[in-house]
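The structure under discussion appears below in the form of structure tokens.
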Amino acid sequence: MGLEKGLVGEQEKQPLVSFGVISDVQYADIRDGCSFLGVPRYYRHSLLVLQRAVRKWNEEKLKFAINFGDIVDGFCPKDQSLTAVKKIVNEFSLFNGPVYHMIGNHCLYNLPREKLLPLLDIRSPDNLAYFDFSPVPEYRFVVLDGYDISAIGWPKDHPNTIKALDFLWERNPNSDKNSPNGLIGRDRRFLMFNGAVGKDQIEWLDRVLQDATKLNQKVVICCHLPLDPQASSNEALLWNYSEVMDVIHRYSCVKVCLGGHDHKGGYSVDSHGVHHRILEAALECPPGTNAFGRIDLFHDHLLLSGTDRLKTQEMVFSC
Ligand SMILES: Nc1ccn([C@@H]2O[C@H](COP(=O)(O)O)[C@@H](O)[C@H]2O)c(=O)n1
Ligand SMILES: O=P(O)(O)OC[C@H](O)CO
């Protein structure tokens with residue numbers, strides 16, 4: 001009897017599924033540089049970080065991997081964009097399992113949506129990049145497209161570009177719409193390098209969460225842009241993060257929101273007990289160091305085990 005009990009206990013410690021995560025590789029075949037605020041960026045070394053991540057994920061036989069966006073940097077010479085994107089996608093393809101990609105602002109500086117999405121294997125007739133998948137019956141992953149309403153990536157005359165430019169024009173008085181000068185607190189997110197989730201996508205999210213609730217699934221939301229001000233700099237937030245969180249908070253199935261974009265990383269638990277974890281950028285790893293992780297999903301918590309710059313975090317669900 002004691003043995004049986006012991007075995008049950010052991011089984012409970014086994015994750016339902018394990019997967020790899022990485023964000024903001026921002027590769028470019030250019031010399032090291034730094035961010036607008038002076039943080040060093042290692043554009044070539046980030047490829048090595050990705051290679052080490054894929055090797056580790058394969059060694060650990062993880063079931064799938066998620067890339068949280070910005071695989072290539074905006075400083076990549078534009079005549080090299082396609083080659084650079086293909087090079088990074090090819091590195092991801094060496095992983096022995098499916099890789100789910102998200103788009104980020106830097107991807108869209110390099111390639112328009114219609115060229116980018118097929119390379120990332122995001123199949124969508126209207127060039128939108130939101131989708132969901134369920135790697136095990138107990139969990140549903142919802143990947144949001146934070147650049148649905150955006151001034152980057154769509155053709156200049158596309159209704160979403162026009163909507164985004166009007167939106168920015170009303171909220172950001174600076175001639176450089178990437179500058180938050182004069183904007184206060186959370187209004188500092190009204191920058192051109194951010195974007196919003198559109199109305200149709202919000203309605204789709206609501207339907208997916210209804211369905212997940214019916215199926216008794218726990219949900220992990222993934223979005224390049226952060227959704228909680230406590231986990232992120234104001235300048236990195238999704239424009240309509242509160243509208244998206246209002247939908248999420250109507251359901252108790254959403255346990256965790258994961259993101260990238262804010263390179264220093266962050267963590268919070270919001271007023272509804274939803275965990276928010278922003279992943280530290282691969283781009284900002286000094287040579288020889290890493291920023292990637294492995295996530296183990298359990299019934300009542302998840303464990304993010306980070307490598308070097310990517311901090312380890314256990315997230316225990318509130319109910
Ligand atoms: N034209 C700009 C661009 C950026 N900033 C500020 O710098 C921060 C980091 O920008 P990176 O794209 O280099 O990571 C950003 O959060 C802005 O606050 C700016 O002021 N003006
Ligand atoms: O991804 P980047 O280079 O646009 O940087 C985004 C900023 O870190 C947001 O504060």
Side-chain angles (χ1 to χ4, degrees), residues 21-28 30-47 49-50 67-78 81 84-85 88 101-111 116 129 144-147 150-153 164-165 168-169 171-196 222-241 257-268 276-285 291 309-310:
V21 290
I22 193 163
S23 191
D24 297 87
V25 172
Q26 282 180 231
Y27 167 76
I30 56 173
R31 275 196 317 203
D32 294 343
C34 55
S35 75
F36 192 85
L37 297 176
V39 178
R41 291 181 164 180
Y42 308 93
Y43 301 103
R44 290 189 179 115
H45 175 260
S46 65
L47 170 67
V49 178
L50 174 61
N67 153 40
F68 282 80
D70 278 358
I71 54 175
V72 172
D73 194 87
F75 284 132
C76 176
K78 294 301 156 282
S81 290
V85 169
I88 298 298
H101 292 282
M102 243 159 278
I103 58 168
N105 49 317
H106 284 269
C107 308
L108 298 169
Y109 300 145
N110 278 281
L111 293 178
L116 181 68
L144 297 179
D145 182 347
Y147 292 92
S150 160
I152 41 180
L165 288 173
L168 279 176
W169 194 256
R171 290 165 180 81
N172 185 331
N174 298 304
S175 54
D176 173 4
K177 299 290 180 223
N178 270 330
S179 168
N181 275 351
L183 298 177
I184 293 171
R186 288 171 196 177
D187 284 359
R188 294 175 71 80
R189 71 186 185 281
F190 298 131
L191 303 171
M192 186 123 99
F193 58 58
N194 298 326
C222 304
C223 182
H224 179 66
L225 297 172
L227 301 173
D228 185 49
Q230 304 304 321
S232 162
S233 312
N234 288 319
E235 291 83 355
L237 289 164
L238 183 81
W239 290 341
N240 61 339
Y241 74 87
C257 298
L258 301 173
H261 193 52
D262 195 9
H263 295 185
K264 65 182 177 5
Y267 173 66
S268 67
H276 295 258
R277 180 69 171 86
I278 306 308
L279 304 175
E280 291 80 4
L283 172 69
E284 288 173 10
C285 295
R309 263 192 92 238
L310 203 141

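The structure displayed is predicted, hence computed values, not measured ones. Counting convention: from 1, in listed order, for ligands and their atoms alike. Position 1 is the first residue of the sequence; numbering continues from there.
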(message) Residue-level breakdown please: for D176 versus ligand 1, do any non-hydrogen atoms fall below 4.0 Å on the side chain, on the backbone, on both, or on neither?
(response) side chain

(request) Around atom 2 (C) of ligand 1, find the nearest protein heavy atom and jot down its residue, atom name and distance. (result) N178 O, 3.3 Å

(message) Below 30° counts as parallel, above 60° as perpendicular, anything between as tilted: where do the rings of H261 and Y147 land?
(response) perpendicular

(message) Looking at Y43, is its backbone amide N or carbonyl O close enough to the side chain of S46 to form a donor-acceptor pair, meaning the two atoms are under 3.5 Å apart?
(response) yes

(message) Just to be sure I read this right, does ligand 2 sit under 4.0 Å from the backbone of R41, its side chain, both, or neither, counting only heavy atoms?
(response) side chain

(request) Say whether, by atom type as modelled, one donor and one acceptor occur between the side chain of R277 and the main chain of C257 under 3.5 angstrom. (result) no

(request) For D70, counting its heavy atoms only, list the atoms of ligand 2 lying under 4.0 Å from any of them. (result) 1 (O)

(message) Does this structure show an ion pair linking R188 with E235, if we count only N-O contacts that are shorter than 4.0 Å?
(response) yes

(request) Identify, for atom 20 (O) of ligand 1, the protein heavy atom at the shortest distance, and state residue, atom and that distance. (result) P180 CD, 3.1 Å

(message) Once you restrict to heavy atoms under 4.0 Å, what part of Q26 touches ligand 2? Side chain, backbone, both or neither.
(response) side chain

(request) Among all protein heavy atoms, pick the one closest to atom 4 (O) of ligand 2 and tell me residue, atom and distance. (result) N105 ND2, 2.8 Å

(request) Measure the distance from atom 16 (O) of ligand 1 to every protein heavy atom, then report the residue, atom name and distance (to 0.1 Å) of the closest one. (result) E235 CB, 3.3 Å

(request) Please could you name the atoms of ligand 2 that A236 approaches to less than 4.0 Å, counting only its heavy atoms? (result) 9 (C), 10 (O)

(request) Looking only at protein heavy atoms, identify the closest one to atom 12 (O) of ligand 1 and say how far it is in Å. (result) F193 CE2, 4.2 Å

(message) Checking the side chain of D70 only, and the main-chain atoms of H106 only, is there a donor and an acceptor separated by less than 3.5 Å?
(response) yes

(request) Could you tell me whether a side-chain N or O of W239 sits under 3.5 Å from a main-chain N or O of F190, the two making a donor and an acceptor? (result) no

(request) Answer yes or no: is there an ion pair linking K264 with E280, defined by an N-O contact shorter than 4.0 Å? (result) no

(message) Between ligand 1 and R41, can you find any atom pair, the residue atom being a heavy atom, that is separated by under 4.0 Å?
(response) yes

(message) Among all protein heavy atoms in this structure, tell me which lies nearest to atom 10 (O) of ligand 1, with the distance rounded to 0.1 Å.
(response) F36 CB, 3.6 Å

(request) State whether the shortest distance between N or O atoms of E235 and N or O atoms of ligand 2 falls below 3.5 angstrom. (result) no

(request) Could you check atom 8 (O) of ligand 2 against the protein and tell me its nearest heavy-atom contact, residue, atom and distance included? (result) H261 O, 3.2 Å

(message) Please list, in number order, the atoms of ligand 2 under 4.0 Å from a heavy atom of H106.
(response) 1 (O), 2 (P), 3 (O), 4 (O)

(request) Tell me yes or no: between the side chains of N172 and N174, is some donor less than 3.5 Å from an acceptor? (result) yes

(request) Examine distances only and state if a side-chain atom of N178 and a backbone atom of F193 form a donor-acceptor pair shorter than 3.5 Å. (result) yes

(message) Check whether D228 reaches the backbone of H276 with its side chain - one donor and one acceptor, N or O, closer than 3.5 Å.
(response) no

(request) Please write down residue, atom name and distance for the protein heavy atom closest to atom 1 (O) of ligand 2. (result) H263 NE2, 3.2 Å

